[in-house]
Amino acid sequence: AVSIKLTHGHYLKGPMEQHGKIIAEYVWIDGTGINLRSKCRTLPAKVTDIKDLPEWNYDGSSTGQATTENSEVIMKPCAFFPDPFRG
């Protein structure tokens, strides 16, 4: 049996105060056309409009969507949905 001592139990007691910030998760289909990829970032406030979401980048060579010579891919959000798990 494994025993884990919880030293930070207050994290398990309910929602933590986020001071108005939110986590936005950007999700896209990779170069296979089948697999999903995602990246998360912290934003300063709740998103109420698609214009509130900034463009972001990722290395397209690691997802099969660009060559290594020119691998920066820019993501421009086209929809947003509230996360039922994060609130």
Side-chain angles (χ1 to χ4, degrees):
V2 175
S3 176
I4 300 173
K5 182 179 178 184
L6 294 177
T7 58
H8 302 293
H10 61 277
Y11 292 117
L12 302 175
K13 291 181 182 173
M16 291 175 39
E17 175 55 50
Q18 301 298 313
H19 305 287
K21 296 181 181 183
I22 61 114
I23 297 173
E25 185 164 4
Y26 289 54
V27 180
W28 70 97
I29 300 171
D30 73 6
T32 67
I34 299 170
N35 299 321
L36 292 177
R37 302 283 184 133
S38 70
K39 286 177 76 170
C40 294
R41 71 185 295 174
T42 302
L43 297 178
K46 182 178 178 181
V47 173
T48 59
D49 190 281
I50 194 74
K51 293 178 238 167
D52 297 338
L53 292 167
E55 292 182 355
W56 203 15
N57 69 325
Y58 65 92
D59 179 1
S61 66
S62 65
T63 63
Q65 294 172 291
T67 63
T68 55
E69 297 81 27
N70 187 17
S71 65
E72 183 179 42
V73 176
I74 305 296
M75 294 183 284
K76 183 174 182 177
C78 59
F80 74 97
F81 307 93
D83 186 325
F85 302 105
R86 292 182 183 145

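Nothing here was measured: the structure is a model prediction, and the numbers come from that model.
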**Student:** Measure the spacing between CD1 of Ile29 and OG1 of Thr63 and express it to the nearest 0.5 Å.
**Tutor:** 12.0 Å
**Student:** Tell me whether Asn70 contacts the main-chain N or O of Thr67 through its side chain, where contact means a donor paired with an acceptor under 3.5 Å.
**Tutor:** no
**Student:** Return the minimal non-hydrogen interatomic distance between Tyr26 and Pro77, and the atom names on each side.
**Tutor:** CE2-CG, 3.7 Å
**Student:** Check whether any side-chain heavy atom of Pro54 lies under 4.5 Å from a side-chain heavy atom of Leu43, and answer yes or no.
**Tutor:** yes
**Student:** In terms of side-chain heavy atoms, does Glu72 have a donor or acceptor partner in Tyr58 at a distance below 3.5 Å?
**Tutor:** no
**Student:** Might you point out which heavy atoms bring Phe80 and Ile50 nearest each other, and give the distance in Å?
**Tutor:** CE2-N, 3.5 Å
**Student:** Considering non-hydrogen atoms only, spot the tightest contact between Val27 and Ser38 and give its length.
**Tutor:** CG2-CB, 4.0 Å
**Student:** Roughly how far, to the nearest 0.5 Å, is OG of Ser71 from CD of Gln65?
**Tutor:** 11.5 Å
**Student:** What's the shortest heavy-atom distance between Ile23 and Cys40, and which atoms?
**Tutor:** CG2-CB, 3.9 Å
**Student:** What heavy-atom pair brings Ile22 and Ala45 nearest, and what distance separates the two atoms?
**Tutor:** CG1-O, 3.4 Å
**Student:** Drop me the distance from Lys21's NZ to Arg41's CZ, to the nearest 0.5 angstrom.
**Tutor:** 12.5 Å
**Student:** Do Met75 and Lys39 come within less than 4.5 Å of each other through their side chains, counting heavy atoms only?
**Tutor:** yes
**Student:** On a heavy-atom basis, which atom in Asp30 and which in Thr32 lie closest, and how many Å separate them?
**Tutor:** OD1-OG1, 2.6 Å
